[in-house]
Amino acid sequence: MEKNMKSIKLTNLEDDLKKNQIEIMLYPSKCDGCEGQEYKSCVQACETHMKEKYGKYNTARINIKSKGNKFFPILCHNCEEAPCVDACMPGARYRDNENGWTLTNYKKCVGCWMCVMVCPFGAIERVGKDHYASKCDGCIDEETPKCVEACKKGALKKIGIKNYSYERRLMIANKLYGPHLKINYNRYKNNSR
Amino acid sequence: MRYVIIGNSYAGLSCADAIRRFDKTGEITIISDESYKAYARPLISYYLEGKTTDETIWYKDDDYYEKNNYKTLFGKRVVSVNTSDKKVVLDDNESIEYDKLFIGPGGVPFVPPIEGFNAESPMMGTFTKFDDAKKMERGAKLAKHKEAIVIGGGLIGLKASEGLRALDMHVTIAELLPRVLGLALDEISGGITAKKLNENGIDTATNDTVTKINVDEAGNPTSVTMKSGRELVADIVIVAIGVRPNVGFLEGSGITIDRGIVVDKTMMTNIKDVYAGGDAIVSYDILNKKPNIIAIVPLACEQGRVAGTNMAGVYREYYGGMGLNSVEIYGLPIITIGLTNPNNPSQTVFIHQEDESVYRKLVYDGQVLVGAILLGDVAGAGILSAIIRQGEKCLKYKDEFLKGNIYSFVIDNEFEVYNINEGYAIRGDFEDLPQFSRSNWR
Ligand SMILES: Cc1cc2nc3c(=O)[nH]c(=O)nc-3n(C[C@H](O)[C@H](O)[C@H](O)COP(=O)(O)OP(=O)(O)OC[C@H]3O[C@@H](n4cnc5c(N)ncnc54)[C@H](O)[C@@H]3O)c2cc1C
Ligand code: SF4
Ligand code: SF4
Ligand code: SF4
């Protein structure tokens, strides 16, 4: 018992960084829903890739929802202790301990929509006609997720954890001091001249 | 450390997994009175429909028990628990000692006294186990008139009817309430559901029930007499009134039982080192604000996990749960969340209906959403579940929700509340960055 307890550590930071780097970053304000295009780039890229990967379970896993002039990409947030895994009766959704992602065995999915009912981000789509519920798998076996590759507007980005924290700090600094920090870029330009 | 787990199903396995996460070497023994490895209990009706098979009904991978180093005792019933000597006694008189015990025995079907009912008959029974489904599969082959009666129009009754229908039986559901799924649905949605059932060969006899089952010499049913006086031909009779916590074997163990096993926030019973979860317990209902029996899969998993984490020595509390459920009836998806029928005057109801294809109902208590029914179009249902669970104020979104624009809440909140319009990351394991974690939403 004693020995066990000592070996308990919720996370090993280094391992986690290697294994579970944060890799998709959303910049919703940059998303314009690919206006004017026939297809949304990310949606199309995802669909093509899913067709290759899952065969008949081929619907796009990413969805662009809009309200007024705001667009928001909806995709799986890969919850720790994911509600969709808890709710899935046949065990089609599961957590892969190797790569830390919630994945799906579509052969087991029976279309009970329990997962649709509990996903707090609305990231699961009911495909009623073929009776399965589709969910993003993070493109775990790809170098870069296909939707990220496809987005030319910079609304989806691949990012490592260090960069994430850097961007996050920038963002907060910007938000707290942004309006008061008036940087006169021209001055720098003049100086350098 | 010796962990013993009674129940090889959602609650039990989720508990085992939580223990294993923190204790890699402790001895974990899983006991079940069914001789199968874990299967998806709610899928036994899908099994009859052929939507799941002998290959896909299993809940976990084939090597699951081995890989996690779980010892299994299947096909053995626990007859009593001796909490003073810390052991459980099996039906073959063997006793197993434990340091920590988890009790997740689920529910047993409730059978009211009905004249003529005999569970031993191959043509009668209840519907909660894999064996029950297999029995019905055999029974349907023997049925002469292809007529089946299901007593009880709740979720299990509906599922049993669908299963029997797929076996080419004509089914009649007898339900005492004025509609099917009476507790979760309301008049309109219940009506739409009943119509869907009727169109597909399942009759609904509401406000009615079976008073007597007429049997032949062999003890098998021939017909049933209804309260309304009708007599219906019946080859098969299933009783699906509901389930009750399976706690009979705990008598004399000293564990407090009030309908179900009573647990504290850590899922521990009144006896130290004895934990419980799943359909067998009463747990905190966050909407009704009192302990309640909520027999659904997601809660069984959550409760098992909280118990297991505490059993392994890592403190954790259970936040409480709420009732919610999802079914699809012949292509019509139905999701019910929280309090779907208002139970006090401070609650207001908003309804949107498009013919018989889409129906949405919201129940608000003041500014706070406390319940919803989504029928036909269920996209974004999880967002409503999260809102209801969190007790968010969202009255101003009611029109959007009614129209089905559930995502509008997320869009506004993601932009405004979280101020993430400059970007936020969604992929990865956030344990080291708790303040950024979007995953500890509950
Ligand atoms: C037909 C049907 C449809 C359902 N549909 C849904 C649905 O759509 N959505 C939903 O959320 N829920 C549904 N449910 C409910 C769901 O099945 C339960 O909530 C869930 O199974 C509870 O899990 P559990 O681990 O608490 O117990 P159970 O799954 O009941 O498992 C109990 C375990 O304990 C073992 N056990 C019991 N007594 C003993 C003993 N004395 N000794 C040894 N072992 C014992 C059993 O063998 C079993 O392994 C449905 C149930 C049925 C029957
Ligand atoms: S599908 Fe939804 S619930 Fe499941 S991991 Fe993704 S975001 Fe979480
Ligand atoms: S719809 Fe499929 S993935 Fe979702 S809970 Fe049901 S079986 Fe699991
Ligand atoms: S990460 Fe992959 S699966 Fe997920 S939305 Fe992007 S392309 Fe689709």
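From a predicted model like this one, the values you see are computed outputs, not experimental measurements. Lettering of chains follows the sequences in order, A, B, ..., and the numbering in each one begins at 1.
For A:C119, the part lying under 4.5 angstrom from a heavy atom of chain B is the backbone only. For B:K51, the parts sitting under 4.5 Å from any heavy atom of chain A are the backbone and the side chain alike. At a 4.5 Å heavy-atom cutoff, the contact between B:I383 and chain A is made by backbone and side-chain atoms alike. Only the backbone of A:C88 comes within contact range of chain B, with at least one heavy atom under 4.5 Å from a heavy atom of that chain. Heavy-atom distances place the side chain of B:E400, and not its backbone, under 4.5 Å from chain A. Only the side chain of B:Y10 comes within less than 4.5 Å of a heavy atom in chain A; its backbone stays farther off. Proximity to chain A involves both the backbone and the side chain of B:Y59, based on heavy atoms less than 4.5 angstrom apart.
The CG atom of B:D17 lies 12.5 Å from the CZ atom of A:R95; values are rounded to the nearest 0.5 Å. Atom CE of residue A:M117 and atom OG1 of residue B:T336 lie 7.5 Å apart, to the nearest 0.5 angstrom.
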Would A:K67 and B:N405 satisfy side chain to side chain contact (heavy atoms under 4.5 Å, CB included), going step by step from the backbone distance to the final call? CA-CA 9 Å; A:K67 185 184 184 191; B:N405 297 340; over 6 Å; no

Kindly indicate, with the supporting measurements, whether the criterion side chain to side chain contact (heavy atoms under 4.5 Å, CB included) is fulfilled by B:L43 and A:V110. CA-CA 9 Å; B:L43 259 54; A:V110 294; 3.9 Å; yes

Can A:F121 and B:V410 be said to form a side chain to side chain contact (heavy atoms under 4.5 Å, CB included), step by step? CA-CA 7 Å; A:F121 304 101; B:V410 177; 5.7 Å; no

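The greatest number of non-hydrogen atom pairs below 4.5 Å with chain A, out of B:L374, B:I387, B:I335, is found for B:I335. For the set A:G91, A:G111, A:P90, the entry with the most heavy-atom pairs within less than 4.5 Å of chain B is A:P90. Note on B:A38, B:P333, B:S408: by heavy-atom pairs under 4.5 Å with chain A, the leading option is B:P333.
Scanning both residues, A:K70 and B:I411, for their nearest heavy atoms gives CB-CG2, 3.9 Å.
The 12-atom threshold is exceeded at NZ of A:K53, counting heavy atoms of other residues, nucleotides or ligands nearer than 6.0 Å. The environment of NZ in A:K107 is sparse: at most 12 heavy-atom neighbours from other residues, nucleotides or ligands sit within 6.0 Å. Residue-environment remark: OH (B:Y330) exceeds the threshold of 12 foreign heavy atoms within 6.0 Å. Residue B:D63 qualifies as enclosed at atom CG: its count of foreign heavy atoms under 6.0 Å is above 12.
Using a cut-off of 4.0 Å between Lys/Arg side-chain N and Asp/Glu carboxylate O, A:R126 and B:D377 are scored as not salt-bridged. Between A:E81 and B:R316, at least one side-chain N (NZ, or NE/NH1/NH2) sits under 4.0 Å from a carboxylate O, which counts as a salt bridge.
Chain A is approached within less than 4.5 Å, heavy atom to heavy atom, by B:L324, B:N325, B:S326, B:V327, B:E328 from residues 321-328 of chain B, ordered by number.
Between the side chain of B:Y407 and the backbone N or O of A:S66, no donor-acceptor pair lies under 3.5 Å.
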